[in-house]
Amino acid sequence: MAIERVGVVGAGQMGNGIAHVFALAGYDVVMTDISADALTAAVALIDRNLERQVSKEAITADTKAQAMGRIKTTQTLTDLGQMDLIIEAATEREEIKTKIFAELQPHLKPETILTSNTSSISITRLASRTDRPEKFMGFHFMNPVPIMQLVELIRGIATDEETFKACYEVVERLGKTSATAEDFPAFIVNRILMPMINEAIYTLYEGVGSVKSIDTSLKLGANHPMGPLELADFIGLDTCLAIMNVLHDGLADTKYRPCPLLTKYVEAGWLGRKTKRGFYDYRGETPVPTR
Ligand SMILES: CC(=O)CC(=O)SCCNC(=O)CCNC(=O)[C@H](O)C(C)(C)COP(=O)(O)OP(=O)(O)OC[C@H]1O[C@@H](n2cnc3c(N)ncnc32)[C@H](O)[C@@H]1OP(=O)(O)O
Ligand SMILES: NC(=O)C1=CN([C@@H]2O[C@H](COP(=O)(O)OP(=O)(O)OC[C@H]3O[C@@H](n4cnc5c(N)ncnc54)[C@H](OP(=O)(O)O)[C@@H]3O)[C@@H](O)[C@H]2O)C=CC1
């Protein structure tokens, strides 16, 4: 089946990036969110990020205008019923994702492919609660979506070859590169990346180093583009904690125990860049470490 119309559920930092790259690749996009403010902010951010590409001469002003013209928004989830492909990118909570798929299901075309951008949750379990486990996949973009080259493709136990092939071809048309991961907790990228971030938080918690010394060490000592605490703030501390909990519960190994300091930041509502406070305070001109 040719995929031309794509529905994006959730207009947070991943949803807006996903809408951006699909519109730029010529797909018609409908983006939905429970929050009207999130939709308005997402469209403004896509406009800004496309403009950044225009100013760097990566795209023309005309290409930008065409891409913006392909993006529609709605607060009514069921408006996505006629799409060929759905990418769910709402908050990393299984009950939210399950509810979205259940609500969408009666309005979908039989051939619509359902996917989730989840960072960690079982694709097989999400798929099993829909009417089309064979047409369900993990479609995992990396943040920031317009810049990062990788998309992890995750088959559930029941995913058929036709669905996998269709998603693989979409990644090719986006000009990105896919890597295939089996459906085990947090797949490949976060299975490796998130324990490193959690360990960095333990390093802070145990007083081995300050926020600044930990981030400087990994940036200058291991050539990481961002320090692990800066990266945690960028991803969102709620998402980091959710992923660690999935690893801890799913693999039943204490090496995945979320650091209590991570839990404390999330309990405080200090979720990183998106709430302007996390391991750094972003409310001023330059980020200031909070420890
Ligand atoms: C949690 C999960 O499930 C999975 C994940 O996503 S894990 C997170 C994966 N992501 C990472 O690890 C990101 C690590 N960080 C980086 O690679 C870099 O710091 C970065 C690309 C984000 C920014 O790079 P930088 O050199 O510090 O900044 P800067 O020079 O301003 O930007 C580099 C490019 O990114 C673009 N950019 C930066 N932030 C952007 C954003 N939020 N959206 C779109 N474009 C962005 C810039 O326009 C610039 O583009 P060009 O290369 O075309 O000039
Ligand atoms: N952050 C990252 O680096 C990465 C995240 N991911 C995954 O992508 C997904 C989204 O993450 P991210 O964009 O960072 O999260 P954000 O918190 O930035 O955005 C999530 C958005 O989903 C909205 N939302 C919540 N419930 C619903 C619903 N029922 N219907 C529609 N929208 C809803 C939220 O609205 P409100 O704020 O009003 O609740 C919010 O706007 C998660 O599964 C995450 O694990 C994958 C790769 C990288």
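No experiment lies behind these values; they were computed from the predicted model shown. Both counts, for ligands and for their atoms, begin at 1 and track the order of listing. FYI, side chains are in, hydrogens and waters are out, and symmetry mates aren't considered; it's all heavy atoms of this structure.
Nearest to atom 12 (O) of ligand 1 by heavy-atom distance, out of I46, L45, L231, is L231. Nearest residue to atom 15 (O) of ligand 2 from E92, K274, M14 is K274 (criterion: closest heavy atom). Of the listed residues (V145, I34, T91), the one carrying the non-hydrogen atom nearest atom 31 (C) of ligand 2 is I34. Ranked by closest heavy atom to atom 18 (C) of ligand 1, the top entry among P225, S120, G17 is P225. The heavy atom nearest to atom 40 (C) of ligand 1, out of those in R52, H140, H224, is found in R52.
Within ligand 2, counting atoms from 1 as listed, the ones closer than 4.0 Å to a heavy atom of S35 are 38 (O). Atoms of ligand 2 lying under 4.0 Å from at least one heavy atom of A89, given by number and element, are 9 (C), 10 (C). For ligand 1, the atoms closer than 4.0 angstrom to any heavy atom of N49 are 43 (N), 44 (C). Near K97, meaning under 4.0 Å from one of its heavy atoms, ligand 2 places the atoms 42 (C), 43 (O). Atom numbering of ligand 2 starts at 1 in the shown order; those under 4.0 Å from a heavy atom of I96 are 26 (N), 29 (N). For ligand 2, the atoms sitting less than 4.0 Å from at least one non-hydrogen atom of T118 are 43 (O), numbered in the order shown with element in parentheses.
Scanning all protein heavy atoms for the shortest distance to atom 35 (O) of ligand 2 gives D33 OD1, 3.4 Å. Protein heavy atom at the shortest distance from atom 47 (C) of ligand 2 is F141 O, 3.1 Å. The protein atom (non-hydrogen) at minimum distance from atom 9 (C) of ligand 2 is A90 O, 3.2 Å. Closest to atom 36 (C) of ligand 1, if we only count protein heavy atoms, is I147 CD1, 3.3 Å. For atom 20 (C) of ligand 1, the nearest non-hydrogen atom of the protein is M226 CE, 4.7 Å. From the protein, the heavy atom lying nearest to atom 8 (O) of ligand 2 is N117 ND2, 2.9 Å. What sits closest to atom 6 (O) of ligand 1 on the protein, heavy atoms only, is N143 N, 2.9 Å. Protein heavy atom closest to atom 19 (O) of ligand 2, with residue, atom name and distance, is G12 CA, 3.2 Å. From the protein, the heavy atom lying nearest to atom 30 (N) of ligand 2 is I100 CD1, 3.7 Å. Protein heavy atom nearest atom 42 (N) of ligand 1, with residue, atom name and distance: P144 CB, 3.7 Å. Closest protein heavy atom to atom 3 (O) of ligand 2: N143 ND2, 3.1 Å.
For ligand 2, none of its N or O atoms has an N or O atom of E88 under 3.5 Å away. Of the N or O atoms in I235, one or more lie within a sub-3.5 Å distance of an N or O in ligand 2. Annotation: Q13 places an N or O atom under 3.5 Å from an N or O atom of ligand 2; distance criterion only. Between S119 and ligand 2, at least one pair of N/O atoms sits closer than 3.5 Å. For A38, no nitrogen or oxygen atom sits less than 3.5 Å from a nitrogen or oxygen atom of ligand 2, counting backbone and side chain alike.
Side-chain atoms of D33 and Q75, non-hydrogen and from C-beta on, never get closer than 4.5 Å to each other. Counting heavy atoms from C-beta on, the side chains of R70 and V6 never come closer than 4.5 Å. Proximity of V208 to Y202: side-chain heavy atoms (C-beta onward) are nowhere separated by under 4.5 Å. Between I188 and E152 there is a side-chain heavy-atom pair separated by less than 4.5 Å.
In this structure, R93 does not count as a contact residue of ligand 2, since none of its heavy atoms falls inside 4.0 Å of the ligand. A heavy-atom separation below 4.0 Å is not found between T239 and ligand 1.
In this structure, atom 41 (O) of ligand 2 has a protein heavy-atom contact shorter than 4.0 Å. Within 4.0 Å of atom 31 (O) of ligand 1, not a single protein heavy atom is present. Within a 4.0 Å radius of atom 27 (O) of ligand 1, the protein has no heavy atom. Atom 52 (O) of ligand 1 lies below 4.0 Å from none of the non-hydrogen atoms of the protein. Of the protein's heavy atoms, at least one falls inside 4.0 Å of atom 10 (N) of ligand 1.
Cation-pi geometry between R273 and F234 is not met: the NZ or CZ atom fails to fall both under 6.0 Å from the ring centre and inside 45° of the normal.
At a heavy-atom cutoff of 4.0 Å, ligand 1 is contacted by both the backbone and the side chain of M142. The proximity of F234 to ligand 2, defined as any non-hydrogen pair under 4.0 Å, does not occur for either the backbone or the side chain. When heavy-atom distances to ligand 2 are checked against a 4.0 Å cut-off, H140 comes that close only through its side chain, counted from C-beta outward. Contacts between K56 and ligand 1 below 4.0 angstrom, taking non-hydrogen atoms only, involve the side chain exclusively.
Once rounded to the nearest 0.5 Å, the distance linking OH of Y27 with CG of D84 reads 10.0 Å.
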